[in-house]
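Data block below; observations after.
The chains referred to below are lettered A, B, ... by the order of the sequence lines, with proteins before strands, and numbering in each begins at 1.
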Protein chains: 2
Amino acid sequence: MSTAERLIESTRELLWERGYTGTSPKAIQQRAGAGQGSMYHHFAGKPDLALAAIRRTAEEMRVRAEEQFSAPGTAVDRITAYLLRERDVLKGCPIGRLTQDPDVMADPALRAPVDETLAWLRGRLADLLAEGRERGELGAALDPQATAATVVAVLQGGYVLARAADSVQPFDQAVTGVLGLLAAHVPTTHE
Amino acid sequence: MSTAERLIESTRELLWERGYTGTSPKAIQQRAGAGQGSMYHHFAGKPDLALAAIRRTAEEMRVRAEEQFSAPGTAVDRITAYLLRERDVLKGCPIGRLTQDPDVMADPALRAPVDETLAWLRGRLADLLAEGRERGELGAALDPQATAATVVAVLQGGYVLARAADSVQPFDQAVTGVLGLLAAHVPTTHE
DNA sequence: GTCTATACGACGATAGAC
DNA sequence: GTCTATCGTCGTATAGAC
């Protein structure tokens with residue numbers, strides 16, 4: 001792996017673990033096994049490197065989500081598979097966490113991939129829900145956009161609860177809970 | 001207001017806006033209009049001051065939530081009122097955000113109030129949901145614990161989505177969505 | 001491309017005068 | 001109680017040699 005690659009990967013890890021403010025150039029260099037000069041040769045500075053790291057993480061997240069979304073099965077099947085997918089729950093969402101970093105949110109370039117990724121997720125889930133509703137898999141009363149936002153929020157909030165409790169249990173409960181609520185909207189499961 | 005009070009209040013604001021790592025003693029002093037010596041006279045250091053600030057914020061959060069929880073009405077009414085309560089959505093949750101700060105999570109003293117507050121919230125909502133189920137306001141199939149986790153996660157995740165989008169819309173949608181799902185579990189609304 | 005040297009303010013705290 | 005002085009380290013680079 002090239003030095004530039006190692007720098008990006010180290011930055012991705014540190015942004016995930018410690019956030020933008022909590023990540024120093026020195027820490028990035030040490031983890032990447034690169035010197036000062038090397039880092040500043042490849043990147044203009046901390047924001048530039050962070051941008052490369054965030055873009056890559058965002059792209060990876062979309063690809064992994066799309067794997068579930070484009071799988072065979074009903075809309076609810078695919079959303080269920082997405083929600084139950086294996087996750088590094090206690091580490092949280094590498095994109096969602098950036099939302100709490102004022103320095104990231106204050107920089108339009110850094111903010112854009114965060115905003116776009118979460119908006120894409122909601123949109124994609126809304127599409128699935130709308131499709132499921134059209135096919136009669138879901139009740140006509142279900143609001144695809146609102147429900148999509150709920151599903152993404154359950155994940156993002158589930159990470160928060162899990163980190164607070166230092167346990168995956170609240171995350172799993174939140175997912176179980178929303179799946180239970182969603183099941184009540186599946187016409188065939190109505191008593 | 002005493003100097004110690006102003007220091008605590010300033011710390012509360014800064015922890016909310018910038019998190020623990022992003023908040024420096026100097027910034028706290030400036031906002032409080034106090035000098036170095038003054039701060040270190042009243043508090044042992046940054047962690048000590050943060051502890052006082054976090055405890056107060058946690059206490060305030062419980063009191064405000066309990067106002068809705070102990071109001072008259074059905075369980076669903078009270079949960080709805082809680083979810084629709086006025087909030088500083090774009091600023092996020094002052095307790096939930098600390099969850100993303102590794103230095104807070106690494107310190108048992110700082111972590112405790114965060115953990116306890118979110119756990120209390122889930123427990124309180126689970127109680128309400130269980131009560132509503134016993135009274136027949138909610139379907140027997142509803143899992144109080146899981147659903148409580150879902151409700152709290154929707155709020156915490158809604159903040160994340162709102163901050164990413166720089167708009168309250170996704171937060172409102174997530175709340176609308178979960179209320180819509182919950183409505184399907186109210187026996188009388190079944191067609 | 002990578003290294004070392006240098007810079008300068010911020011961070012988090014202590015010491016001691018008033 | 002509050003102030004100023006001082007301290008050692010870190011953060012975020014730039015400069016220039018190799």
Problem set entry | Ser24(A) side-chain proximity, nearest of dT2(D), dT12(D), dA13(C) | dT12(D)
Exercise. Taking atom C1' of dA13(D) as reference, at what distance in whole Å does atom NZ of Lys46(A) sit?
Worked result: 12 Å
Problem set entry | Shortest side-chain distance from Pro47(A), nucleotide among dT2(D), dA13(C), dA13(D) | dA13(D)
Seminar exercise, completed: Atom CD of Gln36(B) and atom P of dC3(D) are separated, to the nearest Å, by 11 Å
Exercise. Does a sphere of radius 6.0 Å around CZ in Arg85(B) hold more than 12 heavy atoms from other residues, nucleotides or ligands, not counting ones at 6.0 Å or beyond?
Worked result: yes
Problem set entry | Among dT2(D), dT2(C), dG11(D), the nucleotide that comes nearest once only the side chain of His42(B) is considered | dT2(D)
Exercise. What's the CG-C1' distance between Leu14(A) and dG11(D), to the nearest Å?
Worked result: 14 Å
Seminar exercise, completed: Against the side chain of Tyr40(A), the closest entry in dG12(C), dT14(D), dT2(C) is dT14(D)
For this session: Mind calculating the distance between CD (Gln30(B)) and C1' (dC11(C)) to the nearest angstrom?
Result: 13 Å
Exercise. With distance as the sole test, does Ser38(A) use its side chain to make a donor-acceptor pair with the main-chain N or O of Ala34(A) at under 3.5 Å?
Worked result: no
For this session: Please check if any side-chain donor atom of Gln29(B) sits under 3.5 Å from a side-chain acceptor atom of Gln36(B), or the reverse.
Result: yes
Problem set entry | Met39(A) CE to dT14(D) C1', straight-line distance once rounded to whole Å | 13 Å
Exercise. Taking NZ from Lys26(A) and P from dG11(D), how many angstroms apart are they, rounded to a whole number?
Worked result: 6 Å
Exercise. How many Å lie between CD on Gln29(B) and P on dA13(C), as a whole number?
Worked result: 10 Å
For this session: Could you tell me whether the phosphate oxygens of dG1(D), OP1 or OP2, come under 4.0 Å of any side-chain nitrogen or oxygen in Thr3(B)?
Result: no
Exercise. Can a donor-acceptor pair be found between the side chains of Tyr159(B) and Arg97(B) at a distance below 3.5 Å?
Worked result: no
For this session: With heavy atoms under 4.0 Å as the rule, sort Gly35(B) into base, sugar-phosphate or nothing.
Result: sugar-phosphate
Exercise. Honestly, is Arg87(B) close enough over Tyr82(B), meaning NZ or CZ under 6.0 Å from the six-membered ring centre and within 45° of the axis?
Worked result: yes
For this session: Starting at atom CZ of Arg6(B), determine the distance to atom P of dT2(D), rounded to an integer number of angstrom.
Result: 8 Å
